[in-house]
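Lettering of chains follows the sequences in order, A, B, ..., and the numbering in each one begins at 1.
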Amino acid sequence: MPELPEVETIRRRLDPHVVGRTIAGLAVFDARVSEQSEAELRRLLVGARIVATGRRGKWLTLDLGERLMIVHLRMTGQLLLQPDHAQKGPRWTMDLDDGRRLWFYDQRRFGTLEVIGVDAAAERFGDMGVEPLSAEFGVAALRAQLAGRSAPLKAFLLDQRRLAGVGNIYADEVLFRARLHPLRKAGGVGPREAQRLHAAIIATLELAIEHEGSSVESFVDPAGERGSFQEILNVYQRTGAPCRVCGTPIKRVVISGRGTHFCPRCQRRR
DNA sequence: CTATAAACCTGCTGGC
DNA sequence: TGCCAGCAGGTTTATA
């Protein structure tokens with residue numbers, strides 16, 4: 001599942017290949033990828049120059065000056081700089097003026113593509129919470145979000161309106177690092193615990209970016225390279241395996257409909 | 001307001 | 001061996 005570290009890895013790898021280029025063509029092979037028609041997408045994209053790459057939470061953006069191209073990979077989306085003949089055809093491809101082509105593969109077909117005017121961008125992302133790796137994300141900001149919420153910490157971390165970019169893998173990894181039980185109520189977290197949670201969110205995401213993401217399912221960067229964070233996961237998908245700190249078997253429960261992994265000894269409920 | 005569930009989709013797993 | 005129900009997951013939409 002591409003979460004913040006995976007999308008950021010893709011953005012960084014894509015950036016030098018696309019910035020400064022002009023979009024020369026677009027082909028949509030699966031109309032369900034966008035609410036906009038192929039003709040409309042073409043009208044909005046072809047001829048536009050890519051000024052910058054960006055990311056908001058798990059959304060990848062291409063800044064076209066007047067417009068913003070927005071891509072979400074959801075579960076299995078891949079943006080590649082070369083075709084992958086081992087999988088079903090791409091849902092769309094985009095040609096650049098230097099002859100390069102971008103391929104969007106997406107086995108489960110949940111990914112999306114949209115193009116909006118740059119003036120609509122603020123509203124488009126208006127519901128999204130703070131970027132956890134930005135300067136605005138301080139302990140005070142986190143405590144303000146936690147305060148008064150009855151939701152379990154696991155659900156809190158997954159809520160994109162509070163914090164943008166954390167998904168199921170990193171929510172579990174963050175809570176292990178912070179030594180907090182995933183069922184603890186957000187509002188019941190004390191000041192020292194909030195401090196630990198804040199540090200764990202930043203440290204986990206930064207470490208995952210250093211490792212170029214987690215390839216637990218189908219994640220690869222635009223060159224088709226896998227990340228390596230899956231090799232050092234502490235809890236995610238390690239049900240029954242010994243905790244790397246204390247040796248206790250990792251437990252799996254379902255919280256808010258999501259598989260949740262934790263160490264029952266390192267992450268006491270109270 | 002919050003909170004939970006269903007829908008979207010397909011490859012894989014487990015049970016019979 | 002084969003079939004099929006069930007599961008995974010991010011976001012949106014619907015319902016309680």
Self-check item: Sugar-phosphate only, base, or nothing, as touched by A/Tyr236 at under 4.0 Å among non-hydrogen atoms
Solution: sugar-phosphate

Exercise. Could you tell me whether A/Phe176 and A/Tyr170 have their ring centroids closer than 6.0 angstrom?
Key: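 No, ring centres 6.0 Å or more apart.
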
Quiz item: Can the ring centroids of A/Phe110 and A/His72 be said to lie less than 6.0 angstrom from one another?
Solution: no

Length of the [atom1]-[atom2] vector between [X] and [N], whole Å:
X: A/Asp172; N: C/dG9; atom1: CG; atom2: P; answer: 9 Å
X: A/Asp159; N: C/dG10; atom1: CG; atom2: P; answer: 13 Å
X: A/Glu3; N: C/dA8; atom1: CD; atom2: P; answer: 16 Å
X: A/Leu113; N: B/dC8; atom1: CG; atom2: P; answer: 21 Å
X: A/Ile169; N: C/dG10; atom1: CD1; atom2: C1'; answer: 12 Å
X: A/Ile255; N: C/dG10; atom1: CD1; atom2: C1'; answer: 17 Å
X: A/Arg109; N: B/dA7; atom1: CZ; atom2: C1'; answer: 14 Å
X: A/Asn168; N: C/dG10; atom1: CG; atom2: C1'; answer: 10 Å

Report, one pair per line, the protein and nucleotides 2-5 of chain B atoms (nitrogen or oxygen only) whose separation is under 3.5 Å.
residue : atom : partner  : partner atom : Å
B/dT2   : OP1  : A/Arg149 : NH1          : 2.9
B/dA3   : OP1  : A/Ser150 : OG           : 2.6
B/dA3   : OP1  : A/Ala151 : N            : 3.3

I'd like to know if the side chain of [X] pairs up with that of [Y] as donor and acceptor (distance under 3.5 Å, no hydrogens or angles considered).
X: A/Gln87; Y: A/Gln78; result: yes
X: A/Lys185; Y: A/Ser150; result: no
X: A/Arg49; Y: A/Thr22; result: no

Quiz item: Quick one: OG1 on A/Thr9 to CZ on A/Arg55, what's the gap to the nearest 0.5 Å?
Solution: 9.5 Å

Quiz item: B/dG11 phosphate, OP1 or OP2: any side-chain N/O from A/Lys88 under 4.0 angstrom?
Solution: yes

Quiz item: Should A/Arg108 be listed as having a side-chain N or O under 4.0 Å from OP1 or OP2 of B/dG11?
Solution: no

Exercise. Identify whether A/Trp59 and A/Ile209 are in the same connected component of the hydrophobic contact network (ILVMFWY, side-chain heavy atoms under 4.5 Å).
Key: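 No: no chain of side-chain contacts under 4.5 Å links A/Trp59 to A/Ile209.
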
Exercise. Tell me, please, which residues at least two apart from A/Gln237 pass side-chain contact (heavy atoms from CB on, under 4.5 Å).
Key: A/Val216, A/His261

Quiz item: Looking at A/Trp103, does the NZ or CZ of A/Arg101 lie under 6.0 angstrom from its six-membered ring centre and within 45 degrees of the ring axis?
Solution: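 Relative to the ring axis of A/Trp103, which defines the angle, A/Arg101 lies inside both limits.
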
Practice problem: Could you encode protein contacts along nucleotides 11-16 of chain C as a string, one character per nucleotide from 5' to 3', using B for base contact, S for sugar-phosphate-only contact and - for no contact, with a heavy-atom cut-off of under 4.0 Å? | Solution: BS----

